[in-house]
Each structure stands twice: as C-alpha cells, then as structure tokens.
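Just so we're on the same page: letters track the sequence lines, and every chain starts at 1.
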Amino acid sequence: MNELFNKPYEAKEFEEAIYKQWEESGYFNPDNLPERKDDKGPFTIIMPPPNANGHLHAGHALFITLEDIITRYKRMRGYKALWIPGADHAGFETQVVYEKKLEKEGRSRFKMDPQELFDEIMAFTLENKQYMEQEVKRMGASCDWSRERFTLDADIMKKVQGTFAKMYEDGLVYRGLRTVNWCTKHQTSLSDVETESVEKMDKLYYIKYGPFVVATVRPETIFGDVAVAVNPNDDRYKQYIGSVIEVENPNGKLILKVIGDDSVDIEFGTGALKVTPAHDNNDFALAQKHGLEHIITIDQFGKLNEKAGKYAGMKIAEAREKVVADLEVMGLIEKIEDYKHQVPTCYKCSTTIEPRLLPQWFVKMSSQGGSASGGQSLAEMAAKAVDDGRIEFIPDNYRKIFLYWMNNTIDWNISRQIVWGIPIPAKLCNECDFAAPDLEDEISACPKCGGEVRKDADTFDTWFSSGQWPLLTLDFPDGKDFKTYYPTDVMETGHDLIFKWIPRMVIFGLYLANEVPFKTVYMHGLVNDAKGKKMSKSKGNVINPIDLIDKFGTDALRMGLIIGNTPGNDTALDENKIKGYRNFANKIWQATRFVLMNSEGVDFTKTPTLTDRDKEVLEELRVVKEQTTKELDNFLIHLAAENLYHYFWHTFADKIIEENKGRLKGEDEVDKYAAQYVLNEILRTSIKMLHPLMPFITEEIYGNLPGNDGKILMVEEW
RNA sequence: GGACUCAUAGCUCAGCUGGUUAGAGCGUUCGAUUCACAUUCGAGAGGUCACAGGUUCGAAUCCUGUUGGGUCCACCA
C-alpha cells in the first residue's frame, strides 16, 4: 500500500499535481479522448465567460462546479465532452470597476484620452484574466483551455461588428432618436435591463397651468413642456382639445397645445398631464404620436441648460427647489402631496436615470417593421423556440418568465458611450441624420448630403457580443467546431441573467445560425452567506471560495455548494458545512486505506464465491449506480451528491466494511477472497461515481487501486 | 398593479411524476474508543410538514383560498 495513506487526506498536497496531470493528458480537449465503443457523440457546454475584472466569487465557484460535474459525467458516459472556457471584457461592468479604481487614485476618466483609458483598462483586464483563469483551474474545471476565447480577441470583434452590419442590412438594426436611459454619473446610456426600479418618496406638485392644474413630480422640467394632454373622454377638459393655451412660469410665458390621448389616466392627479417630450419616456411617445417638438432643457450632466433661463447651470434637485419656490410666490402652486413611486436607477451606482433624447443604435425586437425570417420578429422567433420545446428550462418556471419578457420586450439600445468595448463600426454625418455601418472604413463623405462624416465613438453593449458567445466560441459560420458542437447541449447560468443574456443568445442563435444555441437552460440561484443573507462588500459577509479551498480542499467546497442546492433556488454557504465534506473526503481516504491494507497482493481476476449477503450488497450497489445515473441524467445533481455521500459513509463504511472485518481476518481463504472482492468492487465503483463531484481525491485514489497504475479516472467508463 | 417563488426538527435545507413509523447535515443529550479513520463510532431527544377548505382508499406532495417571507417585471405624470 502506498504510504500516502498513512496520514489524513490533505487536499493541498494533491490538487495542483492532479490538475497538471489532467491538463497534460490532453483529455480536456474532446478531440484527444480515447476511442470508445460506446461513443455517444459530442456534448457541449459553453462556460458563461467570467468578467475579467476581478477574482472569482462564490457564484463562480458554484457554476464551475455544476458545469464541471455535468461535463465530467458526460465524458465518463462516453460523450465527446467539450466545455469551452472564456473571459468577458464585460464593457460597462469593467469600466465601472476601473472608474472606482481611478477615483481612489484621485483621477477621472473624463480627463483622460480615450485611447489611454482603453489601454489602461486592457492592462488591468488582462492581469485579472490570469487570476480568474488560475482560480477556475483551482476549482478543478475540466474545460478545454486550448479553445479559450476572450470577447476582445480580434477575430471575435470583427465577427461581432459583422453581425451589426448584417442586421442593419436586414432592417433589424436602426439608428433612432428617442429618450434613452441616461446615467448622469457614468455618462452613458443603458438598456432597459440595466436599470433597476427603486421605490422613492417624492412630492407631487399641483401646478396651475392656464385653465388646468397639472400634477407633476418634476416641476423643473416645465421649460421643456410643449403640450398638456388630457383624456378625450374626460368631460372636464375635452372642450380644450385642439386649442392652444398660454401658461405662466417664472421665466415668462409658454405656448402649449392641448392634446387628447387615451393613455392619460382620468383618475390620476387632476387628469391633466404636462408633456415634456425630451425628458420623459411617455411624453416622448406622446410627442411622436401627436407630432410635437422636443425642447431639451437638461444636459448630459443633469444640469439645466440655457433654455431654462435663470435656472441654467443648476442641478436638477436644486432647480426643482427654486422653481417650486418661485411658482409658490407667483401663486401657481395649488398643493403639494407626498408621493411614493418607483424610479429607474443605474444598476451599478443607483443614480436616478435621466431620460435623455439621444440618437442611438437599436436592435428591432418586436414585430413592427423589419423581420428576421419568415415574417417573424426576433422576439417572436425566440419565444417560439421556447414555446415549442426546442429549449427547455430547469427549473421549468423560467419558461414562463422568459416568454413573458419576450412578448413584452422593447427595442434594444446597443450604443454605449464608453471606451471599454467593441467599437461600433459606423459612420455618422455631422450635417444630417445619415448613419450607417462601415466595416471597411470606406465612407468618407455623407452619401445623403455630402457633408463631413465621423466615426461613431460609441461601443457595443457588452451583451451584444456575449449574446453571440455560443456562435463565436465555436467559430461560426465555417469552423469545424461549429459543425460538430452546435447547437450546444446545456447553458448553465445564474437566474439573474434570464433577461440580460439568455434571450440575446437565443435570438442571435436563431437569427444567424437558424438553430437554437442550446437545448437546456439550467439556472442556479444565488450563493448567500451562512445565514442566507446576500453577500455584499458593504455588509462584510463575503466568503471567498479560494479561502475555503485553502482550508478544506476543492472537493469539499464543491460538495458544500451542491448538496441541498436545488436548481433555481438560492443556497447558504456555511463554513461548517464545507468542513463536514472535508471530513467526508477523509472518510473516503480512510476507507480506501482499509481496503488497500487488506488487498495486498491479491489477484482480483479470479471469480469469487459470493455469499448471499455479498450478492445482496452488490445488488444494492447496482441500485445506487442506477439511481445516480438517472439523477445525473436529469440534472438532479444535489440528489446524486447527497445519496452517494450517504451510501459511501453510512452504508459502505459503517455497515459493509464493519461486517466484513471478521472475514478478512479469518482463515477461510475462499471466504476471505470474497470479502476482499466485494469491498474492492464497491470502492472502485463508488470512486467512479464520486468523481464528477469530487474529482481530485477520487483521481488520486483511483491510480492507487489494484491494477490501475497510470490510468486516468477522468476518462474511465462510468 | 402583475408574475414567479418559498413556508418541513433549534439552524441550513432535501423529499422526482401522491402510497407503510417524514429525511440529511450542523447543533444538542448519553455513551464508546489501543483493532482504516477523534477529520471517529454507537444510541437518543427533537416536526399536528404556515393556516383553512377540497380532490382521493390514501396528501408534506395535487387544487382553491388566507397569512407571512423573497425575487422579478410594470410609463399612471
């Protein structure tokens, strides 16, 4: 027996070497897997590329564990298992992280040259990418590093830009002028999924407005008002519709149209609505419908401009206070009420979103206008793929959530006013509204008016590139991998990406490749602290997975993350729990030691003479194997892990080993061999079944089992 | 306002398509331990499965409602 077993299992002493052994074997790459009679063909998972802007957190640890379990299981079952790792430049996310760093250093991106800023963030990202990769390896990930991709690889950027141009030609991308979600801190627009509604207490001001009283929370926007809207069915006001009124404000007088629109709620406020097209999404829509002009009165920094007269230069909050005070003096405030409502905020900095009128590139999602194929919009195409079962969700309820979102989604703003991203390859005219893709930099003058053109300085929303990730990593459209491994089998990701990422991938997959990008979506929940509270830096309850690995080993951490964690639900990460699975690892170690001690020099090729009890025990093993197989096939990973844990410890170690001790010491050689045979058989099978869950210790043990010299468990048959 | 989800032992949670005395880990109580393992072993205490109805021979499990958490979505200014 190897003297390794003379002391407790110390994960630290083995894991690095084992990972190296796996890497050197080449088996992470399915093209190198040994031939098998029961070859089941390709099985593919694309790793959600971690943001290359920091270290791994507990959520990463969970998804790596889940995906690795699935990959290892499939590989052992005879699939050509491919798991492609990657790294995401994570546009806005990373820029936000980097801006915080700049802030600490007393610097600001707004005082930097864009190229200089880009280069700095690139250096920062490449450094963090390395940490991230090392940490993914420490988790035991059996992914194919030879296929690793980064979202800013040159060829990937080119393909992403090509998609943009193609969509433009198909009428699925357009340049539109409308109010967009503007973060005044980060100085960029955001898509609707990048804002977060927050409940806020505000005042609702009732302002005398000509013959009306209008209710508003934003009196500082009155200088951008162009109309008053009322419901055509409102008997109080309908006689005014179509007329022009004059209203007073602290800067003088405003001439406003009175329009009638069904969208105005008769019950709310006074039933009369002031219309500010440039600074409110609804008002913008009204203005489009009724042909009203836009008056911009607030600038990109959230300050009032010259159109606001004496309030010019003031910030929104300050201007609001002053305007109200002045209106009060003029006797134009009828009343002020407390008002609780939801306001959209930047999901990164919680700054209130300022609707801002800005031309941007949009992806046409729903059906008016352009269509993707067969007259279907992108959203309809994606909804159909889920509706008819080409894509399944685990757990199933995400299906409904997905469909609801798809049926209600709005056009997707893909322009970002940040440097960290893939440049939008487009030319914009300085004189007119001409805007078009220009991949080869061929447009030097405006084809519409002959005016000067400039390069679009914006970059793509990061989800525009990561939405194409399954295609990009598999070398769509001509690569060998694309033909072999697309569509992929499973997309495993956090439930927070149900809108940001999953729909985009479905859309691009269907639009570009005419086929769903994956068949199953497995969604995991959040990893919370031991008390079930969300981890956050400010609360100081963040658990670093690498610390836990250092303390208890990767295998223990993996078990702790999996057991008791059902798909879609949040899980609590408790150090004591991990400690328990560290003890389990040692239990496996000790049981192995015992079996090996009693197997010295035994030839296991002989047929044993089994007792009835032996047969019963082996039958029990067969049932466990059958059950585990079924559970893993159905992604019931938590059940498989818990059942194997229980079987190994409380059935195999506590009962079977104990009841065989006498036979091993006995004089009856035939009976002794039967016992040795049974114990070896159970140990060997258990180690195999445990491998996807606890890859390191099982690999180490497997090589030490009789007759296994030089074998690699990772590619053994299930 | 809408959708989704959860409510099971002191704590964290399993319990798949309904089927004999409801499970795990941790914690707790009592005991053991030179014999693979104190990162151990044995024994025990502890739950009217949120509440109220219903379906069924039978429900923690399915249906309806109520209460209380959580998450997400939504332009009522």
Side-chain angles (χ1 to χ4, degrees), chain A residues 1 5-10 179 192-193 196-197 202 204-206 214-219 221 228-229 263-276 280-286 339 341-344 355 395-401 403-405 408-410 495-496 498-499 525-526 528-532 534 552-553 556 559-560 563-566 568-598 627 630-631 634-636 638-639 641-643 645-646 649-650 653-654 657-658 661 664-665 679:
Chain A
M1 186 188 67
F5 291 96
N6 290 340
K7 55 179 188 173
Y9 178 69
E10 269 296 338
T179 50
D192 51 319
V193 294
E196 201 170 330
S197 284
D202 271 315
L204 187 60
Y205 304 91
Y206 288 76
V214 294
T216 181
V217 286
R218 304 200 57 188
T221 65
V228 170
S263 69
V264 178
D265 185 343
I266 298 176
E267 306 296 322
F268 187 88
T270 60
L273 164 71
K274 74 183 206 56
V275 181
T276 324
D280 184 280
N281 296 332
N282 299 317
D283 292 3
F284 177 81
L286 275 177
Y339 182 53
H341 65 153
Q342 303 274 83
V343 292
D396 185 50
N397 57 294
Y398 281 96
R399 194 183 118 87
K400 271 192 199 167
I401 297 173
L403 286 175
Y404 179 83
W405 190 80
N408 292 284
T409 189
I410 57 173
H495 61 28
D496 52 328
I498 181 71
F499 302 133
L526 254 42
N528 293 323
D529 75 1
K531 289 175 193 147
K534 193 171 171 171
F552 304 114
M559 287 296 269
I563 291 185
N565 186 357
T566 44
N569 284 328
D570 295 349
T571 190
L573 183 56
D574 185 346
E575 187 169 316
N576 273 323
K577 195 174 163 189
I578 311 299
K579 194 172 162 186
Y581 295 113
R582 189 271 318 262
N583 296 355
F584 177 55
N586 189 53
K587 191 68 179 178
I588 298 173
W589 194 246
Q590 294 301 337
T592 302
R593 180 183 184 209
F594 179 81
V595 173
L596 290 180
M597 274 169 54
N598 289 286
Q627 187 190 350
K630 198 174 148 196
E631 284 161 350
N634 292 311
F635 302 104
L636 296 168
H638 62 293
L639 288 183
E642 193 167 343
N643 291 334
Y645 169 91
H646 202 265
W649 197 324
H650 301 298
D654 288 351
I657 287 184
E658 288 305 323
K661 278 184 176 170
L664 293 170
K665 274 187 232 155
L679 294 184

Span that lies between the C1' atom of B:C41 and that of B:C35, in whole angstrom: 13 Å
N/O contacts under 3.5 Å, protein versus nucleotides 70-75 of chain B?
residue : atom : partner  : partner atom : Å
B:A74   : N6   : A:Gln342 : NE2          : 2.7
B:C75   : O2'  : A:Asn282 : ND2          : 2.8
B:C75   : N1   : A:Asn282 : OD1          : 2.8
B:C75   : O2   : A:Asn282 : OD1          : 3.0
B:C75   : O2   : A:Asn282 : ND2          : 3.3

Spacing of the P atoms in B:G47 and B:A24 (rounded, Å): 15 Å
Are there any protein N/O atoms within less than 3.5 Å of an N/O atom in nucleotides 34-37 of chain B, and if so, which ones and at what distance?
residue : atom : partner  : partner atom : Å
B:A36   : OP1  : A:Lys661 : NZ           : 3.2
B:A36   : O2'  : A:Gln590 : OE1          : 2.6
B:A36   : O2'  : A:Arg593 : NH1          : 3.2
B:A36   : N7   : A:Lys661 : NZ           : 3.2
B:A36   : N6   : A:Ala653 : O            : 3.4
B:A36   : N6   : A:Glu658 : OE2          : 3.2
B:A36   : N3   : A:Gln590 : O            : 3.1
B:C37   : O4'  : A:Gln590 : OE1          : 3.2
B:C37   : O2   : A:Lys587 : NZ           : 2.9
B:C37   : N3   : A:Lys587 : NZ           : 2.7

Side-chain heavy-atom pair A:Arg582, A:Ile578 within 4.5 angstrom cut-off: no
Whole-angstrom distance between B:U17 and B:C73, as gauged at atom P: 29 Å
Worked check of side chain to side chain contact (heavy atoms under 4.5 Å, CB included) between A:Leu273 and A:Leu286: CA-CA 11 Å; A:Leu273 164 71; A:Leu286 275 177; 3.9 Å; yes
Non-hydrogen side-chain atoms of A:Asn6 and A:Arg593 separated by less than 4.5 Å: yes
5' precedence on RNA chain B between A:His341 and A:Lys400 (nearest-nucleotide basis): A:Lys400
Watson-Crick/G-U partner (both atom distances under 3.5 Å) of B:C72: B:G2
Side chain to side chain, A:Leu664 and A:Leu679, heavy atoms closer than 4.5 Å: yes
Side chain to side chain contact (heavy atoms under 4.5 Å, CB included) evaluation trace for A:Asp280 with A:Val275: CA-CA 8 Å; A:Asp280 184 280; A:Val275 181; over 6 Å; no
Under 3.5 Å, N/O pairs linking protein and nucleotides 19-30 of chain B:
residue : atom : partner  : partner atom : Å
B:G25   : OP1  : A:His650 : NE2          : 3.3

Pairwise C1' distance, B:C51 and B:C11 [rounded to whole Å]: 23 Å
Pairing partner of B:G31 (Watson-Crick or G-U wobble, both distances under 3.5 Å): B:C41
B:C49 - base-pair partner by Watson-Crick or wobble geometry, distances under 3.5 Å: none
Distance, P atom - from B:A50 to B:G15, rounded to whole angstrom: 15 Å
Touch class at under 4.0 angstrom, heavy-atom based, for A:Thr566 against every strand present: sugar-phosphate
Within-4.5 Å side-chain heavy-atom neighbours: A:Asp570 and A:Lys534: no
Strand partner of B:C62, provided both Watson-Crick or wobble distances fall under 3.5 Å: B:G54
A:Lys587 charged N/C atom sitting above A:Tyr645 aromatic ring, 6.0 Å / 45°: no
Sugar-phosphate only, base, or nothing, as touched by A:Ala215 at under 4.0 Å among non-hydrogen atoms: base
Side-chain touch A:Trp405/A:Ile498, heavy atoms, less than 4.5 angstrom: no
